[in-house]
Trainee: 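This is the structure, below, for whatever I ask next.
All chains are named by letter (A, B, ...) in the order of the sequence lines, taking the proteins before the strands, and each is independently numbered beginning at 1.
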There are 2 protein chains.
Amino acid sequence: MTTSFSIPTLDDVARAAGVSTATVSRCLNAEQKVSKDTRDRVMEAVDALGYTPNFNARAMAAKRTYTIGAIIPTMENAIFARGLQAFQETLHGLGYNLLVSSSAYRPELEAEQIRGLVARGADGLLLIGYEREQSVYDYLGKRGIPTMLAWSYLPDRPHASVGFDNRASMRVLADRVISMGHRRVAVISGIVDGNDRAEGRLNGIKDSWVANGFDLADLPVIETPYEIENGATAFETLMNGTQKPSVIMCGNDVLAAGAMTRAKELGYDIPNDVSVTGFDDIELAKHLHPSLTTVHVPHREMGRTAARELVNLIDGSSTTVHRQLNVSIIMRNSLAQV
Amino acid sequence: MTTSFSIPTLDDVARAAGVSTATVSRCLNAEQKVSKDTRDRVMEAVDALGYTPNFNARAMAAKRTYTIGAIIPTMENAIFARGLQAFQETLHGLGYNLLVSSSAYRPELEAEQIRGLVARGADGLLLIGYEREQSVYDYLGKRGIPTMLAWSYLPDRPHASVGFDNRASMRVLADRVISMGHRRVAVISGIVDGNDRAEGRLNGIKDSWVANGFDLADLPVIETPYEIENGATAFETLMNGTQKPSVIMCGNDVLAAGAMTRAKELGYDIPNDVSVTGFDDIELAKHLHPSLTTVHVPHREMGRTAARELVNLIDGSSTTVHRQLNVSIIMRNSLAQV
DNA sequence: TTGTAGGCGTTATCAA
DNA sequence: TTGATAACGCCTACAA
């Protein structure tokens, strides 16, 4: 008996079941087009041989992969984790797989990964925010790759988007902060260059500051990458400035967590000595001490919506849409009246 | 002029450059086998057309994808993030790409994703721990897929592994805890079933407990999924038990963070009322208040080593190896003498 | 150094 | 309901 131990192919299954490869293929993809009788026989052979379709061959022949690519700036902190999880779950329910890469906030890496995902035959793409070279959009357009932009609401853009207005959201929080009597405000922002979310958030604070009649020259801002340690460093820098702030507004919860840690180390009482605010409402926010006042983003809803709308786009059952999600201010204990 | 806007193929490039497809292919893959002259001409055509090789076609023809698949239990918390990041960076440097999926700690999902990754032509796989159905290993073996098991050191297993001895490591911490006078110890463990790391850690504590002459009946253990909220709940349950523990040892830092949060909410002072320990030393650990005593795992080194050894396995330049990494106890402020 | 041609494992079209 | 057969886009002996 000469048994082959090589990986079984469609051909092997067909031979084992005594049918043509076409029939086996039908059993796997459109089972209603095959008589129950032969289908049973085929499936038996499939099981017996432990056959798994070759994805690459399938992709080539079908010109369809049922996979979506997603490129997020980082996996290192929790910002995108929840939303992506929901995205992936919803996709799974719709019969799609998800491929994830992270760009480390580097545009050229993102571009490379976009090409890679497209080369792999991704049926659609999920990208974060909109700020990237036009050539990237040209590439996507030329290839006809349905693309969904998330974490930002972009009604004026030609690409589908689902998210919220970072600028307006942060402005609401800033208005609130100022209405509570704070006049010495300082900001720890994410790096604005190349990051429209960070830029929007910072501008939201500036909008409020100016609208309330203050001078931008009196609004200290530190820009630093979204890392907990950087929040700590920035906090110390700001508190050593010429005029101690009464509140420090942070571009996200990670920076805020770092700021609060350093505050404690330096003996500052939050919120009595200085208030701190965040953005995102990651799980950690309510577990910090004191709990963090922040802007709640509906990450899971965003992920679900992105998945559904992107699949609609791919199906052709809908055209470019823009879905705006509501955020809300979560008042906890890190922000106090002045 | 009739310009085609379809996606360019090797054929298009060949025609544009006035060479055969074989030559173009060589330019892209083994450029030393082509004269500089024609190579320049070819590359020019590549750029002009914006050509990107079709990954699936390439994979079929070459039977090689230069991609590694990794399946981790979860992306939701930071446990695997750092190690995976290092894994990916090292891989990139070696000319490989990484595909990540998460199994949500569900074995059947993991099995499905393994098949998916293999079907996609992954040259090798990274899996976490060893506890999974034999059929999975059979499948991998039959297909001849080089596989690296990480987060555990498994010298007795037939698969390559890189990691540390979870059981022995946790035992060292437990010995330390007991030597500091603690006699009322309680444990918040991860779910042990199907998770050899969690099981090892729990057993490490039990080893120490028994070796020190105590009775396992006096060691309260709560098993709960690795989520911050679960750590909080478990803490409260334990503190409401018949005998309040003087120390709560947690299966990882996430559970510990939750426990500490609830402690604060309930008015317990850590470490004076009760000590808390963790495992992993995630970034957050030193930012908690008080800072968390825990077991430091060299995540980045683990990721780098896993990448290098896995690629060696694929190249055939090495055979199954087992690499043990050293962990260390990080004494911070959440653990006090009794 | 370059070109020719066969094959990789599917799906899909067209007949039967 | 089923079976031939032609793509799909690339790599790689083998020849020239």
Side-chain angles (χ1 to χ4, degrees), chain A residues 4 6-43 45-46 49-67 115-116 118-123 143-144, chain B residues 4 6-43 45-46 49-67 115-116 118-123 143-144:
Chain A
S4 162
S6 68
I7 299 170
T9 70
L10 249 204
D11 242 339
D12 298 326
V13 176
R15 210 169 307 130
V19 297
S20 72
T21 60
T23 298
V24 179
S25 177
R26 285 189 202 102
C27 284
L28 267 27
N29 301 303
E31 50 176 58
Q32 68 283 2
K33 309 181 91 176
V34 178
S35 78
K36 175 162 172 27
D37 204 43
T38 63
R39 198 198 321 159
D40 288 346
R41 202 146 32 93
V42 168
M43 288 321 238
V46 166
L49 295 174
Y51 168 76
T52 317
N54 178 310
F55 176 88
N56 298 116
R58 176 177 270 192
M60 279 200 69
K63 299 176 168 310
R64 194 78 198 270
T65 59
Y66 291 97
T67 56
R115 287 182 160 264
V118 171
R120 281 185 142 80
D123 292 338
R143 288 260 194 313
Chain B
S4 163
S6 66
I7 299 169
T9 70
L10 247 205
D11 243 339
D12 298 326
V13 177
R15 211 168 306 134
V19 298
S20 72
T21 60
T23 298
V24 180
S25 177
R26 286 189 201 100
C27 286
L28 267 25
N29 302 303
E31 49 176 59
Q32 70 282 6
K33 308 183 91 175
V34 177
S35 78
K36 170 156 173 31
D37 205 44
T38 63
R39 198 197 322 159
D40 288 346
R41 202 146 34 93
V42 167
M43 290 321 235
V46 166
L49 295 174
Y51 170 75
T52 317
N54 178 310
F55 176 88
N56 299 114
R58 174 178 274 191
M60 278 200 71
K63 296 175 170 311
R64 194 79 197 269
T65 60
Y66 290 98
T67 63
R115 288 183 159 263
V118 171
R120 280 185 143 81
D123 292 339
R143 288 266 196 306

Trainee: Given axes from five pairs at either end, by how many degrees does the helix from C/dT1-D/dA16 to C/dA16-D/dT1 bend, rounded to 10°?
Mentor: 30°
Trainee: Give the first and the last nucleotide of DNA chain D, reading 5' to 3', that has any atom under 4.0 Å from a heavy atom of chain A.
Mentor: D/dT1 to D/dG9
Trainee: Is any side-chain heavy atom of B/Arg41 closer than 4.5 Å to one of B/Thr38?
Mentor: yes
Trainee: Run the side-chain donor-acceptor check on residues 8-18 of chain B: report pairs under 3.5 Å with partners two or more places apart or on a different chain.
Mentor:
residue, atom, partner, partner atom, Å
B/Thr9, OG1, B/Asp11, N, 3.2
B/Asp12, OD2, B/Thr9, N, 2.8

Trainee: Please work out which residues in residues 18-27 of chain B have a non-hydrogen atom less than 4.0 Å from an atom of DNA chain C and list them by number.
Mentor: B/Val19, B/Ser20, B/Ala22, B/Thr23, B/Arg26
Trainee: To the closest 0.5 Å, what do you measure between CG (A/Leu28) and CZ (A/Arg58)?
Mentor: 6.0 Å
Trainee: Who passes side chain to side chain donor-acceptor pair (under 3.5 Å) against B/Thr65, sequence neighbours left out?
Mentor: B/Thr67, B/Asp123
Trainee: Where along residues 32-43 of chain B does a heavy atom come under 4.0 Å from DNA chain C, residue by residue in number order?
Mentor: B/Lys33, B/Val34, B/Ser35, B/Thr38
Trainee: Find every protein N or O atom lying less than 3.5 Å from an N or O atom of nucleotides 7-9 of chain C, and list the pairs.
Mentor:
residue, atom, partner, partner atom, Å
C/dC8, O3', B/Lys63, NZ, 3.4
C/dG9, N2, A/Ala57, O, 3.4

Trainee: Would you mind reporting whether B/Pro53 and B/Phe55 have side-chain heavy atoms less than 4.5 Å apart?
Mentor: no
Trainee: Who pairs with A/Arg120 by side chain to side chain donor-acceptor pair (under 3.5 Å), at least two apart in sequence or on another chain?
Mentor: none
Trainee: Does A/Val24 reach the side chain of A/Val19, with side-chain heavy atoms less than 4.5 Å apart?
Mentor: yes
Trainee: Output all residues satisfying side chain to side chain contact (heavy atoms under 4.5 Å, CB included) with B/Lys33, sequence neighbours left out; order by chain, then residue number.
Mentor: B/Arg26, B/Ala30
Trainee: List the residues meeting salt bridge (Lys or Arg N to Asp or Glu O under 4.0 Å) with B/Asp40, not counting sequence neighbours, and say none if there are none.
Mentor: B/Lys36
Trainee: Please identify each residue that fulfils side chain to side chain contact (heavy atoms under 4.5 Å, CB included) with B/Asn54, with sequence neighbours left out.
Mentor: B/Asn56, B/Ala57
Trainee: Can you list everything that forms a side chain to side chain donor-acceptor pair (under 3.5 Å) with B/Thr52? Sequence neighbours excluded, please.
Mentor: A/Arg115, A/Arg143
